[in-house]
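Note sheet for the following structure.
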Amino acid sequence: MFYAPVALRPKKRSKPEEASFSRHEEAKFQDVRIFLVERKMGHSRRSFLTQLARSKGFIVEDVLSDTVTHVVSEDSQSSSLWAWLKGCSLSDLSTLNVLNISWFTDSMREGRPVPVQTKHLIQEILPETPKPAPVNKVSQYACQRRTTTENYNRIFT
């Protein structure tokens, strides 16, 4: 039997990665440094959003550091996001603006960083403190009611 030689398919070459540094010289907005959280958005979406932001003049950091001013996340629960941020060993989390993707899209639409509003913020949800058990309230007229000494309702006597 004769077998035809099997031709190997050429491997697909990956696209060259972008430079891992931020293009600070092309940035219009030096005071805004964005970090995109990739946890739920995926690598390809993150790279697309990074290219879009850099083309508009924003500085997008590839690594979360103390220089970052705005952390943008998409479809993340606030509790897991804040737990992750606390584990990143940043010096001061209170200086960070932790924002959802709506701030990013509004900024891209305007072509400049829009002011941060409460609708953009991802708030840290603090654990609820247990509420004290409700106390039985006595009617304000209870003291005016005539009751016998043998009344078994202790609230009124």
Side-chain angles (χ1 to χ4, degrees), residues 8-143 153-156:
L8 297 174
R9 290 184 183 176
K11 292 183 181 180
K12 290 184 179 180
R13 294 184 186 203
S14 62
K15 294 180 182 178
E17 291 291 325
E18 278 190 51
S20 63
F21 59 91
S22 300
R23 297 180 198 142
H24 300 290
E25 63 276 0
E26 299 173 13
K28 296 178 190 174
F29 313 106
Q30 295 290 331
D31 55 338
V32 176
R33 294 180 185 270
I34 302 171
F35 177 75
L36 296 170
V37 179
E38 188 182 331
R39 294 180 61 153
K40 295 237 178 161
M41 76 172 59
H43 181 70
S44 61
R45 178 153 171 79
R46 183 178 189 271
S47 62
F48 167 74
L49 293 176
T50 301
Q51 287 177 349
L52 175 67
R54 286 179 178 159
S55 70
K56 300 274 185 177
F58 289 86
I59 298 173
V60 181
E61 298 289 341
D62 295 325
V63 178
L64 183 61
S65 64
D66 289 328
T67 61
V68 172
T69 59
H70 294 69
V71 175
V72 177
S73 177
E74 183 176 41
D75 295 333
S76 290
Q77 290 187 358
S78 62
S79 58
S80 64
L81 178 64
W82 277 100
W84 178 74
L85 284 172
K86 286 178 182 176
C88 289
S89 67
L90 295 173
S91 63
D92 190 14
L93 285 177
S94 64
T95 60
L96 280 180
N97 290 313
V98 182
L99 309 166
N100 60 24
I101 198 75
S102 65
W103 176 85
F104 186 83
T105 55
D106 291 348
S107 297
M108 294 304 115
R109 187 180 314 114
E110 294 288 324
R112 60 178 175 75
V114 296
V116 175
Q117 299 174 359
T118 55
K119 68 178 183 176
H120 299 135
L121 292 173
I122 298 177
Q123 303 279 339
E124 181 177 12
I125 298 173
L126 300 173
E128 290 186 25
T129 57
K131 295 180 182 177
V135 177
N136 289 338
K137 293 189 178 186
V138 178
S139 169
Q140 63 181 352
Y141 304 107
C143 62
N153 193 345
R154 294 197 178 263
I155 294 175
F156 301 123

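Given the structure is predicted, the values throughout are model-derived calculations rather than measurements. Position 1 is the first residue of the sequence; numbering continues from there.
Nearest heavy atom pair, residue Ser91 against residue Asp66, reads N-OD1, 3.0 Å. When all heavy atoms of Arg46 and Leu36 are compared, the pair lying nearest together is NE-O, 2.8 Å. Summarising the geometry of Cys88 relative to Leu64, their closest heavy-atom pair is SG-CD2, 3.8 Å, with the distance given to 0.1 Å. Pairing each heavy atom of Asp62 with each of Arg54, the nearest pair is OD1-NH2, 3.4 Å. Residue Val32 comes nearest to Pro113 through the heavy atom pair CG2-CG, 3.8 Å, listed as atom of the first residue, atom of the second, then distance. A pairwise comparison of heavy atoms in His120 and Ser102 identifies CD2-OG, 3.3 Å as the closest pair.
Separation of atoms CZ (Arg33) and CZ (Phe58) is listed at 13.5 Å; rounding is to 0.5 Å. Here the straight-line distance linking atom OG1 of Thr50 with atom CD1 of Ile59 works out to 13.0 Å at 0.5 Å rounding. Within the model, atoms NE2 of His43 and OG of Ser47 stand 5.0 Å from one another, a figure rounded to the nearest 0.5 Å. Interatomic distance, CD of Gln77 versus CD1 of Ile122, reported as 11.0 Å (0.5 Å rounding).
Residues Leu49 and Ile101 form a side-chain contact, since some pair of their non-hydrogen atoms from C-beta on lies under 4.5 Å apart.
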**Message:** Using the rule given for side-chain contact (heavy atoms from CB on, under 4.5 Å), can you reason through Ile34 versus Trp103, listing the C-alpha separation, both sets of side-chain angles and the distance that settles it, and then say yes or no?
**Reply:** CA-CA 11 Å; Ile34 302 171; Trp103 176 85; 3.9 Å; yes
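Partner of His70 under the side chain to side chain contact (heavy atoms under 4.5 Å, CB included) criterion, chosen from Leu96, Val60, Val98, Asn97: Asn97.
Residue pairs meeting the salt bridge (charged side-chain N to carboxylate O under 4.0 Å, His left out) criterion with at least one partner in residues 95-107, sequence neighbours excluded, are Asp106-Arg109. Applying the salt bridge (charged side-chain N to carboxylate O under 4.0 Å, His left out) rule to pairs touching residues 79-101 yields Lys86-Glu124, sequence neighbours excluded.
Applying the side-chain contact (heavy atoms from CB on, under 4.5 Å) test to Leu121 and every residue at least two apart in sequence or in another chain returns Leu99, Val116, Gln123.
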